[in-house]
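Working notes for the structure below.
Remember, predicted model here, so these are calculated numbers, not experimental data. Lettering follows sequence order; numbering is per chain, from 1. Below, each value reflects all heavy atoms present in this structure, side chains not excepted, and no hydrogens, waters or symmetry copies.
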Protein chains: 2
Amino acid sequence: MAPAEHQSEDTILKAAHKVFLSRGYHGTRMQEIADEAGINKALLHYYFRSKDKIFEAIFLSSFKNFLPQILEILDSDEPFEKKINTFFSKYLDLLIKHPHIPNFIMHEVAHNPEHLQSFFKKHFESKPSKFLRQIKEEMDAGRIEKQDPKQILVSMLALAIFPFAAKPILQIVLEMSEDDFKSFIQERKKFLPEFVMRSLRKI
Amino acid sequence: MAPAEHQSEDTILKAAHKVFLSRGYHGTRMQEIADEAGINKALLHYYFRSKDKIFEAIFLSSFKNFLPQILEILDSDEPFEKKINTFFSKYLDLLIKHPHIPNFIMHEVAHNPEHLQSFFKKHFESKPSKFLRQIKEEMDAGRIEKQDPKQILVSMLALAIFPFAAKPILQIVLEMSEDDFKSFIQERKKFLPEFVMRSLRKI
DNA sequence: GTCTATATAGGGATAGAC
DNA sequence: GTCTATCCCTATATAGAC
């Protein structure tokens with residue numbers, strides 16, 4: 001890539017990412033993206049034709065960080081218990097890097113569910129089918145309690161994602177400062193694998 | 001209350017509730033609320049002075065369904081294990097009745113965290129302090145594993161709330177129809193208390 | 001209390017100079 | 001490529017008749 005050529009485009013995307021993720025589609029003003037990027041409104045339309053086009057780019061890149069990367073981990077060949085550890089460790093790290101993604105995705109998706117179906121099919125065929133099968137195998141082998149595998153998967157996602165989506169509320173209810181919250185999440189990396197495995201393990 | 005007097009006001013509130021919860025503050029048009037209520041735009045301003053005022057009313061009533069009612073259950077005098085059961089059973093029922101509240105609250109709160117602090121202090125002093133103490137007591141009595149009580153509380157909230165916030169995504173990833181999702185949630189009422197208690201119980 | 005009509009502002013998008 | 005100026009539609013809000 002030529003160095004200066006795409007500089008503005010990247011600057012715009014970074015700015016747009018920041019604004020869209022903190023304000024949502026309808027809360028975002030093109031002016032604010034321009035200010036954040038240190039350029040003019042007109043330039044936004046020069047690079048991307050419309051607000052919609054910029055949004056699409058941001059949404060796509062965000063979504064890729066929200067689910068597919070993680071589903072891949074779940075579909076790896078690691079043994080079960082090891083995989084639970086890897087999952088929480090990697091997912092929490094990812095969420096620490098992009099803490100606003102859960103809210104952003106869930107909000108936008110809830111308001112355009114029609115688009116999601118085709119969008120999903122277009123960009124990711126990855127389903128957590130291998131992981132769901134793996135859970136079944138563990139059950140059949142008598143190593144974990146018989147449960148609906150989907151309930152387990154959704155629970156794992158919930159335990160990892162929810163604290164980031166509900167952060168401001170949790171901070172108030174539990175009287176946590178920013179630092180408190182940070183160490184709460186760090187603690188959670190250790191807490192969650194144990195929490196889940198203790199629940200699953202046959203006694 | 002006089003019968004006809006407040007009819008329009010109620011109609012407006014019901015319509016506003018529906019529109020705000022499905023579209024969010026910035027996605028909501030006064031025109032759509034008016035249409036939904038079967039009245040004129042101007043009438044909205046006659047009853048409530050501005051969009052902000054209507055929103056405030058809706059947000060307040062929604063928030064009351066999202067947290068305080070549940071924190072109350074947690075601060076009751078029930079014994080521990082019974083309380084875990086009551087919590088999930090009542091909370092899931094509440095969320096079935098108001099499935100859009102989690103997304104709505106979390107989205108709006110994330111974008112106006114400044115307001116939340118004073119808002120929360122004004123309307124609810126209820127903190128889950130009794131429940132957190134109760135967890136500690138169970139630990140001290142040797143009935144459950146020693147853990148950070150806050151991690152447990154947040155996990156319980158996550159397990160209950162997340163599926164509603166992430167519903168459209170889950171439906172696609174797990175290939176669930178509306179009916180599938182409904183029964184998934186019904187199943188979850190039984191699944192969650194066991195899931196949590198198995199994890200906590202000392203072995 | 002409820003309507004129609006209108007004022008006013010805000011924000012996405014374009015024209016055109018440089 | 002980047003800017004200033006401006007168009008134009010949309011949305012909140014108000015005025016005023018009934």
What is the separation between atom CD1 on A:Ile39 and atom P on D:dC3, rounded to the nearest whole Å? 7 Å
Give a yes or no on whether the ring-centroid distance for B:Phe162 and A:Phe162 is below 6.0 angstrom. no
Going by the rule side chain to side chain contact (heavy atoms under 4.5 Å, CB included), which residues pair with A:Pro99 if we only count those two or more places apart in sequence or in a different chain? A:Phe164
May I ask you to decide if the ring planes of B:Phe63 and B:Phe59 are parallel, tilted or perpendicular, using 30° and 60° as cut-offs? tilted
Would you say D:dT2 has OP1 or OP2 under 4.0 Å from some side-chain N or O of A:Ser8? yes
Per atom distances to the A:Leu43 side chain, the nearest of C:dT2, C:dG12, D:dG1 is D:dG1
Distance-only polar pair, side chains of A:Ser62 and A:Asn65, donor-acceptor under 3.5 Å: no
Determine the interplanar angle of the B:His107 and A:His107 rings, folded into 0 to 90°, and report it as parallel if under 30°, tilted if 30 to 60°, perpendicular if over 60°. parallel
Are any of A:Tyr46's side-chain N or O atoms less than 4.0 Å away from OP1 or OP2 of D:dC3? no
To the nearest 10°, let me know how far the axis at one end of the helix from C:dG1-D:dC18 to C:dC18-D:dG1 is tilted from the axis at the other, five pairs an end. 10°
Does a side-chain heavy-atom distance below 4.5 Å link A:Leu159 with A:Phe191? no
Nucleotide by nucleotide, nucleotides 13-18 of chain C touches protein heavy atoms under 4.0 Å in the pattern (B base, S sugar-phosphate only, - none) BBB---
With distance as the sole criterion, is a donor-acceptor pair present between the side chains of B:Lys90 and B:Gln69 under 3.5 Å? no
Can you check the A:Arg29 CZ to C:dG11 P distance for me, whole Å? 5 Å
Option passing side chain to side chain contact (heavy atoms under 4.5 Å, CB included) with A:Tyr91 (candidates A:Thr86, A:Ile73, A:Leu157): A:Leu157
